[in-house]
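Encoded as structure tokens, the structure appears first; notes follow it.
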Amino acid sequence: MRVLITGGSGFVGQRLCQQLIAQGHDVQVVSRTPHDVRGKLPKACDIRDSAQAFVDTPPDALVNLAGESIAAKRWSAEQKERLIRSRVESTQQLIALCEQLAANGQPLPKVMVSGSAMGYYGDQGSKVVDESTSPHDEFAHRLCAQWEAAAKPIEAMGVRLAVLRIGLVLEAGGGTLQKMLPPFKLGLGGRFGDGTQFMPWIHRDDLVAAIMFLINEPTLSGAFNGSAPHPVTNAEFTQTLAKQLHRPAMFPVPAFVLKAGFGEMSQLLLTGADMRPARLSEAGFHFQYPTLKQALAAIL
Ligand SMILES: NC(=O)c1ccc[n+]([C@@H]2O[C@H](COP(=O)([O-])OP(=O)(O)OC[C@H]3O[C@@H](n4cnc5c(N)ncnc54)[C@H](OP(=O)(O)O)[C@@H]3O)[C@@H](O)[C@H]2O)c1
């Protein structure tokens, strides 16, 4: 199978590319800077600077992961626009590729697995959240809703669409854990605010497996929560991580400090959703790392 990935050079994308190549698939990566990301990806990856550049070699499946990092900078009006535009425009490039393939009479991909995030649901307090839960209206929701809406037109072209609302992706060497580990290793970690906010998480290998599962199961379409079946609160996450590192976690960061430091972006740390992967579980997806303890033990 030939799989085209936007954001293939990222924390999730790199692992996905490795797994696909190891399984004998052909991998195409869209990157803004093909030359710069060459060293991050297996040699066999075909890297080009736009989706349309692959019109000569039509992919069988699309995976859409590209987007400006959500926690890179404070959410100014300009940065919010960049977060939305980077995702919507990358998604539109994939639609444009399919339109061009259709116009040329070439075969279309069978499926697109398109990114979204737990932020789709916004702050849900302690309510159990599945794919049918109504979202709370806030910036994270609007960002994800626009990202998901940009992917929708691909269905009218007969391409199966699965949207993956991804939780915090855990693995060494990147993502949230890379930022949390240094203070925790020094025994300077602690919960954020009162610690009752939920942090749905997923081991990166389970996320990659879920993407491949959605590619390969021809009956699955619509939204899927991409997080482990046992989400934890921030306080539980803090305690589990500290225990795994054999360090204390006695330095909580008060909510007002996070709000002062990060502005509206502090919502990422102070609010969340008890998100469960109801549709993946119903479909029979098996999580290799269902509990945080298992995931952190494997990672650390
Ligand atoms: N990691 C998590 O915990 C997590 C949680 C929920 C959702 N997600 C979402 O899942 C996707 C993959 O996550 P990740 O951790 O692998 O992300 P990542 O490491 O930040 O990689 C995303 C990729 O998107 C491309 N990109 C960055 N800024 C861009 C921009 N302004 N315009 C267009 N493309 C841009 C980059 O590729 P090039 O530089 O090669 O162009 C980058 O490699 C992201 O969209 C993220 O929002 C991630």
Side-chain angles (χ1 to χ4, degrees), residues 4-19 27-41 45-51 53 62-73 75 78-94 113-122 139-141 143-148 150-151 163-180 198-208 210-211 214 223-228 231 237 265 267-269 272-273 275 277 295 299:
L4 183 152
I5 307 167
T6 72
S9 64
F11 177 54
V12 176
Q14 286 179 45
R15 185 76 184 134
L16 177 62
C17 290
Q18 287 165 5
Q19 294 281 38
V27 175
Q28 304 172 320
V29 169
V30 179
S31 168
R32 294 164 300 166
T33 54
H35 184 72
D36 295 354
V37 304
R38 176 77 274 168
K40 293 184 183 176
L41 292 167
C45 291
D46 184 355
I47 314 171
R48 304 187 192 178
D49 66 2
S50 74
L62 306 172
V63 180
N64 184 29
L65 296 172
E68 171 94 2
S69 170
I70 186 90
K73 286 187 191 154
W75 291 351
E78 196 185 322
Q79 182 63 6
K80 284 181 176 175
E81 187 49 39
R82 193 174 297 127
L83 290 168
I84 294 172
R85 206 176 346 106
S86 62
R87 289 174 172 77
V88 168
E89 287 178 0
S90 299
T91 312
Q92 285 168 343
Q93 267 201 33
L94 294 173
V113 178
S114 200
S116 183
M118 56 196 170
Y120 175 85
Y121 299 104
F139 174 67
H141 166 67
L143 168 64
C144 293
Q146 289 185 62
W147 195 7
E148 293 187 13
V163 166
L164 202 47
R165 295 177 179 155
I166 302 169
L168 282 177
V169 184
L170 301 184
E171 180 53 292
T176 306
L177 216 47
Q178 191 179 35
K179 296 194 182 95
M180 289 181 85
F198 273 88
M199 290 173 67
W201 60 273
I202 185 166
H203 190 293
R204 186 173 62 169
D205 286 349
D206 274 338
L207 177 59
V208 165
I211 293 171
L214 291 172
F224 294 84
N225 291 342
S227 56
F237 192 98
M265 198 171 83
Q267 285 173 350
L268 290 178
L269 305 172
M275 182 169 93
I299 292 168

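What you are looking at is a predicted structure, and each value in this text was computed from that prediction instead of being measured. Order of listing sets the numbers, starting from 1, for every ligand and every atom in it.
Heavy-atom proximity to atom 6 (C) of ligand 1, evaluated over I166, T6, D36, L83, is greatest for I166. Evaluated by nearest non-hydrogen atom to atom 32 (N) of ligand 1, the leading choice among P34, S86, G67 is S86. Among A72, A117, S69, the residue whose heavy atom sits closest to atom 20 (O) of ligand 1 is S69.
Here is the list of ligand 1 atoms found below 4.0 Å of a heavy atom in V169: 1 (N), 2 (C), 3 (O), 4 (C). Every atom of ligand 1 with a heavy atom of F11 under 4.0 Å away is listed here by number and element: 15 (O), 16 (O), 19 (O). Atom numbering of ligand 1 starts at 1 in the shown order; those under 4.0 Å from a heavy atom of S31 are 38 (P), 40 (O), 41 (O).
Using a 4.5 Å cut-off on side-chain heavy atoms (C-beta onward), E81 and E78 make no contact. Using a 4.5 Å heavy-atom cutoff, the side chains of L170 and F237 are in contact. At a threshold of 4.5 Å between non-hydrogen side-chain atoms, the residues F139 and I84 count as touching. Put simply, the side chain of N64 reaches to within 4.5 Å of the side chain of W147, judged on heavy atoms. No side-chain heavy atom of L41 sits under 4.5 Å from any side-chain heavy atom of V27. Using a 4.5 Å heavy-atom threshold, the side chains of K73 and R82 count as touching.
Residue contacts with ligand 1 leave out M118, since none of its heavy atoms falls under 4.0 Å from the ligand. Within the 4.0 Å heavy-atom cutoff, L168 counts among the residues contacting ligand 1. Heavy atoms of G119 stay at 4.0 angstrom or farther from ligand 1.
Annotation for A71 and L268: closest pair CB-CD1, 4.3 Å, computed over non-hydrogen atoms. Closest non-hydrogen pair, S31 versus V37, comes out as OG-CG2, 3.5 Å. Considering all non-hydrogen atoms of both residues, A228 and I202 come closest at N-CB, 4.1 Å.
For a threshold of 3.5 Å applied to N or O pairs, the pair formed by R32 and ligand 1 contains at least one separation below that value. Between R82 and ligand 1, a contact under 3.5 Å exists for no N or O pair. Distances between N or O atoms of L65 and those of ligand 1 include at least one value under 3.5 Å. For a threshold of 3.5 Å applied to N or O pairs, the pair formed by T176 and ligand 1 contains no separation below that value.
For atom 9 (C) of ligand 1, the closest non-hydrogen atom of the protein is W147 CH2, 4.1 Å. The protein atom (non-hydrogen) at minimum distance from atom 31 (N) of ligand 1 is E68 OE1, 3.0 Å. Among all non-hydrogen protein atoms, the one lying nearest atom 46 (C) of ligand 1 is R87 NH2, 3.8 Å. Shortest contact from atom 42 (C) of ligand 1 to any protein heavy atom: S9 OG, 3.9 Å. Regarding atom 16 (O) of ligand 1, its nearest protein heavy-atom neighbour is V12 N, 2.8 Å. From the protein, the heavy atom lying nearest to atom 5 (C) of ligand 1 is G167 O, 3.2 Å. Nearest to atom 21 (O) of ligand 1 among the protein's heavy atoms is G10 CA, 3.3 Å. Protein heavy atom in closest approach to atom 23 (C) of ligand 1: G7 CA, 3.7 Å.
With sequence neighbours excluded, the residues that form a side-chain contact (heavy atoms from CB on, under 4.5 Å) with L269 are F192, L258, F262.
Under a 3.5 Å cut-off, the side chain of S227 and the backbone N or O of G167 do not form any donor-acceptor pair.
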If you apply the rule side chain to side chain contact (heavy atoms under 4.5 Å, CB included), what do you find for T6 with Q93, and how did you get there? CA-CA 10 Å; T6 72; Q93 267 201 33; 5.9 Å; no
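A salt bridge links E148 and R165; the closest N-O separation between the charged side-chain nitrogens and carboxylate oxygens is under 4.0 Å.
Here V37 has side-chain heavy atoms under 4.0 Å from ligand 1, and that is the only part of it that gets that close.
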